[in-house]
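In what follows, chains carry the letters A, B, and so on, assigned in the order in which the sequence lines appear, proteins first and then strands, with residues in each chain numbered from 1.
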Amino acid sequence: MSDYYDHRATEQKWQARWEENGLYQSDVDWDRPKHYALTMLPYPSGDLHIGHWYAMTPSDARARYMRMKGFNVLFPMGFDAFGLPAENAAVQRNIHPRKWTYENMERMRDQLRSMGTMFDWRREAFTCEPGFDRWTQWFFSKLLEADLAYRNEAVVNWSPTLQTVLANEQVIDGKDERTGQPVVQKMMEQWFFRITKYADELLEFDGIDWPEPIKRMQTNWIGRSEGARIRFPTDGGDEIEVFTTRPDTVFGATFLVLAPEHALVETLTTQEQSEAVAAYRIEAAERSEIERTDATRTKTGVFTGGYAINPANGEKIQVWIADYVLVTYGTGAIMAVPGQDERDWEFAKDFGLPIVRTVQPPEDFEGKAYTGEGPAINSGFLDGLEIVEAKAAMAQWLEETGNGSAAIQYRLRDWLISRQRYWGSPIPVVYREDGTIELVPKDQLPILLPEDVDFKPSGQSPLTYHEPFFATTDSDGNPARRETDTMDTFMASSWYQYRYLSPTYEVGPFDPEEAAYWLPVDTYTGGAEHAVMHLMYTRFFTKAMRDLGMFESTEVAMRAHQRDPAGAFDEPMTMYRSQGQILGGERKGDVVVVHGEFDQNRVVATRVEVVQGSGQKDGSLQTDVVVVGEIVRRTETVLQVAPADGGGHVTVEVPDSAEVSIPGVPGENDVTQLRHHLDVQRMSKSKGNVVNPDELTEAYGADTVRTYLMFAFEWEKGGPWDGRGIKGAHRFIIDVWRLGRLEYTAGSVAEVATAALRRQAHKAIDKVGRDLEGFRWNTAVAELMKLRNAINDARSAGNVAPQAHREAVELLVTMLAPIAPHVTEEVWHALEGQGSIHERPWPEFDPEIAKDDSVTMVVQVNGKVRGTVEVDSMISEEDAIAAAMAIGNVATHIEGKEVRRLIARQPKLVNIVV
RNA sequence: GCGGACGUAGCCGAAUUGGUACAGGCGCCAGACUUAGGAUCUGGUGGGUUUUUCCCGCUGUGGGUUCGAGUCCCACCGUCCGCACCA
């Protein structure tokens, strides 16, 4: 009997056996409650990252837990298989995207198996497969027919790097969110989905259990604001419509500002101003998104020469253009109210435009624009009204006079779904000779991507010059051109949860019989970075599907099984949890220049400067430099620096008073920031701090990696990876294995010790169960480690009854099974020899066994702990006080003093105030 | 700039309603077993001290409420996330 746990052999053995027995296959069974567990499908980039393990382990563990709780659990997996990296591989390495993608999926499937996950692989679906893609295209057709998809010319985000347009959600700070490369604004004709139609419903989160930050991010993204639309007549007869959230301030609107791209700019511009206006428009068009949205930049603008009439007071006001007004929001035009708006104030000051206050600021107000509360002034019939009342009165006046109306505006824009790429789902339309658009008949779907394409590093999609693909005919047999844009990959991931239900179903996107049982998704996990992309798109998609009647047969099937379909298709995922991010661990290699003085064997720094790049010495820094070198180790305020000119490591202390300078961290830096900068980094190849899960699995086994990932972090928070800590998890797994095979021989059995072990075990049932329900993985593992310790202690004392020992070991492996599926199965078979631990029921919690019969009561004098005493948990108040007073040390502290108050919170605490 | 979350040991992190702050793990120290230890086991790990259920200190900083505050309130500092001229 070897004393060595061969995790490799054991894990492979069970993985093979589970697969053989179809242990994780789940089928519709109306006699059992269902649970649909889902984790975001990965992009087949080539290798499973530690982040995938981190996201999927809880998903898997919770799916297993729910199974043990008696649920019939569906836990499928697939791949988000269309996407840009496949095309990059094609350009760079001359490998076809399909081949690259399929090879990666093959590899990642094996890696996912090595995790010991309970995926039902019969349900696998991947988005680039024609059987899947057919329905993605079909959904597009349905949305187009329902007027939820449309083609329109609009200002869009164009990425010169990726040579494609991007959705607003994919652009952050004027840069593409994936590559960080700048994006430019372009007027283009593109395909959109009318997600804005669902803006109000997307703001509703009733009945879904999602993290608050995610809900807030979606709410902010949708950006609902209430106000009014107001029309300002102009000289030429055209009207300029503006949106404002402050209709109460119309009397203070002293000029109008249009976005440079506004349609009326040309008609308004006078002869004299035409040159300046034209120049400004060119300038604005050339400015990047980043520049334009930089709020700290001085405002620029040009007078058009045109005038408009303020409908409230009939005054003639100037019309300007300025790029601080966005053509994409509201009507692309604003009424400028410098008295109550800081941006307008700034603009008015710069260009000498009139300012009228229409809200009375407080007497001591000395600022510029006043945005606070106050009565209306200089506002005709609104004078004296507070803001809320004035808004209502103005709205009514606008309606009555026909000058405008109350309105709601959203920041959310329609979802731009076309991409100028090859490796995506083709948009199933053709352009006829007369310029009209025609859908490809549904029975001709899917449109297949041509294989024999030529990837030129031009960045252009090969579809645009592949004539056999785009040359087609319309329904009348006349020549037509096929759409060569493909769809955003988020399109496929918006409905993949439905394809998993029946991945080979050919009659529709999903089988209503399956859907009736499994839907909706009960537990969803994945990264918060998808908060406003995938997670909002898929909500929109489900709501649209519902409204288009796509769940009607599913509802019929539900009713046939006495399940009420009400509300079942309002939201795709009823519960969602997002994991944090695992960052790279402590990293060497930062180069610092330290100024300071030697104090015995170390340097006390007065100034620490982090310099970028490698450690060449810069002559200009030499004058008072004490140490230039590479940091090799650090604690709170102490750095170990390897000097660049050789020699032993130097210890550098960084006191609070030291000046710290870190590039990229603005302002005065301090030690905390230094530490933070040096410690926490995103994993990246260039930083050499990437954690490879395959290597860890090889060295420690999947159980250890899973357990450690769940133990070492607050799951929803994440944090820096610490490679040393994994040993603790590994020891735990080995201990569990050993406990399952060692004989236990009891010595002199003590009733008290036996009860204590059973109590610990039953407390764990309660604690671990609640933790698993609440995604508190770290405390669940900690509790199980405690139980392991209690069993170890009992073993070495030999004072517990054998049945209690065995019960404790069984409970330990049963509760650990969701997190560490292999070792627990191994131990289970050593103990019982039959069945699978993964088909065992979750243990029943017995509060009677878990109950403490005595409690440690704390006795405080004036709030300070002066003693503890073991008391019966049912102790009375009088007895508790008496017991407290009886403690010698307590007596010495109250001796000679007057007891003024007695606070008894028996059985836990007594506080004596003297 | 606006909105949100957070700040506990050398590190990751625990702590139902306000009730013994620091569970569990890592690291570190000492000892055991060893040719060896980066394996394993045992004990310790805020400070002081008469070595002891004796005292003191302690949850970013400063105040407040309370018999009692990591927890509630106010101000400040810091970190992270989201949004950022959205009219």
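- Residue A/Asp323 contributes atom CG, which lies 15 Å from atom C1' of B/A87 at whole-angstrom precision.
- A straight line from CD of A/Gln218 to P of B/C83 spans 12 Å, rounded to a whole angstrom.
- Looking at heavy-atom distances under 4.0 Å, A/Gly332 makes no contact with the nucleic acid at all.
- Straight-line distance from the NE2 atom of A/His730 to the P atom of B/A39: 12 Å, rounded to whole Å.
- Comparing A/Thr331 and A/Ala729 by the nucleotide of RNA chain B whose heavy atom lies nearest to each, the residue mapping closer to the 5' end is A/Ala729.
- A donor-acceptor contact under 3.5 angstrom links the side-chain atoms of A/Gln860 to the base of B/G19.
- Considering A/Ile726, A/Ile733, A/Ile734 in turn, A/Ile726 is the only one that fulfils the side chain to side chain contact (heavy atoms under 4.5 Å, CB included) rule with A/Tyr700.
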Within the sub-3.5 Å range, which N or O atoms of nucleotides 40-51 of chain B have a protein N or O partner, and how far apart are they?
{"from": "B/U40", "atom 1": "OP1", "to": "A/Arg731", "atom 2": "NE", "distance (Å)": "3.3"}

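- Defined by atom type and a distance below 3.5 Å, a donor-acceptor pair is missing between the side-chain atoms of A/Thr245 and A/Glu226.
- Separating the P atom of B/G31 from that of B/U49 is a span of 23 Å, rounded to the nearest Å.
- The side chain of A/Ala782 lies closest to B/G24, out of B/G24, B/C12, B/A87.
- In this entry the distance linking NZ of A/Lys908 with C1' of B/G18 reads 11 Å, nearest Å.
- Comparing the P positions of B/U8 and B/G13 gives a spacing of 9 Å, expressed to the nearest Å.
- Taking atom P in both B/C55 and B/U66, one finds a spacing of 27 Å when rounded to whole Å.
- Closest contact between the side chain of A/Arg724 and the listed nucleotides B/C26, B/A87, B/A23 involves B/C26.
- Distances shown here put every side-chain N or O of A/Arg216 at or beyond 4.0 Å from the OP1 or OP2 atom of B/G4.
- The side chain of A/Arg901 sits closest to B/C67 out of B/G13, B/G24, B/C67.
- Counting any heavy atom pair closer than 4.0 Å across all strands shown, A/Arg788 reaches sugar-phosphate atoms only and no base atom.
- Taking every side-chain heavy atom of A/Ile903 into account, B/C67 is the closest of B/A87, B/C67, B/U20.
- In summary, A/Lys215 and A/Glu212 engage in a salt bridge, as defined by a charged side-chain N under 4.0 Å from a carboxylate O.
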Using the 3.5 Å cut-off, write out each protein N or O paired with an N or O of nucleotides 54-57 of chain B and the distance between them.
{"from": "B/C55", "atom 1": "OP1", "to": "A/Asn889", "atom 2": "OD1", "distance (Å)": "3.4"}
{"from": "B/C55", "atom 1": "OP1", "to": "A/Asn889", "atom 2": "ND2", "distance (Å)": "3.2"}
{"from": "B/C55", "atom 1": "OP1", "to": "A/His893", "atom 2": "NE2", "distance (Å)": "2.7"}
{"from": "B/C56", "atom 1": "OP1", "to": "A/Arg866", "atom 2": "NH2", "distance (Å)": "3.4"}
{"from": "B/C56", "atom 1": "OP2", "to": "A/Arg866", "atom 2": "NH1", "distance (Å)": "2.7"}
{"from": "B/G57", "atom 1": "OP2", "to": "A/Lys864", "atom 2": "NZ", "distance (Å)": "3.3"}

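- At a threshold of 4.0 Å, the pair A/Arg224-A/Asp200 counts as salt-bridged, since one of the basic side-chain nitrogens sits closer than that to a carboxylate oxygen.
- In terms of position along RNA chain B, the nucleotide closest to A/Val858 lies nearer the 5' end than the nucleotide closest to the other residue of the pair A/Val858 and A/Trp221.
- A/Asp766 and A/Lys763 are not joined by a salt bridge, as no carboxylate oxygen comes within less than 4.0 angstrom of a charged side-chain nitrogen.
- Atom CG of A/Asn789 and atom P of B/G24 are 7 Å apart (whole Å).
- Side-chain N/O atoms of A/Lys299 and base N/O atoms of B/C85 include a donor-acceptor pair closer than 3.5 Å.
- Here B/U20 is the nucleotide among B/C85, B/U20, B/A87 with the atom lying nearest to any side-chain atom of A/Thr856.
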Given the rule that a pair is Watson-Crick or G-U wobble with both distances under 3.5 Å, how would you write RNA chain B in dot-bracket, using | for pairs to a different strand?
-> (((((((..(((......[....)))((((((.......))))))(((.....)))...(((((..]....))))))))))))....

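- A/Lys767 has a carboxylate O that lies under 4.0 Å from a charged side-chain N of A/Asp771, or vice versa, which qualifies the two as a salt bridge.
- Here the nucleotide nearest the side chain of A/Tyr324, chosen from B/C85, B/A14, B/A87, is B/C85.
- The side chain of A/Val325 sits closest to B/A87 out of B/A87, B/C83, B/A15.
- Between the CZ atom of A/Phe713 and the P atom of B/G25 there is a distance of 17 Å, rounded to whole Å.
- Of the possible donor and acceptor atoms, none in the side chain of A/Arg759 sits under 3.5 Å from a partner among the backbone N and O of A/Ala850.
- With B/G19, B/A87, B/G13 as the choices, the nucleotide that has an atom nearest any side-chain atom of A/Arg905 turns out to be B/G19.
- Nearest nucleotide to the side chain of A/Met217, out of B/G82, B/G19, B/U16: B/G82.
- Within 4.0 Å (heavy atoms only), A/Arg411 reaches at least one base atom of the nucleic acid.
- The side chain of A/Ile334 approaches B/A87 more closely than any other nucleotide in the set B/G13, B/A87, B/G24.
- In this structure, A/Lys391 does not pair ionically with A/Asp248, as no charged nitrogen and carboxylate oxygen lie closer than 4.0 Å.
- B/U8 atom C1' lies 15 Å from atom CG of A/Asn778, rounded to whole Å.
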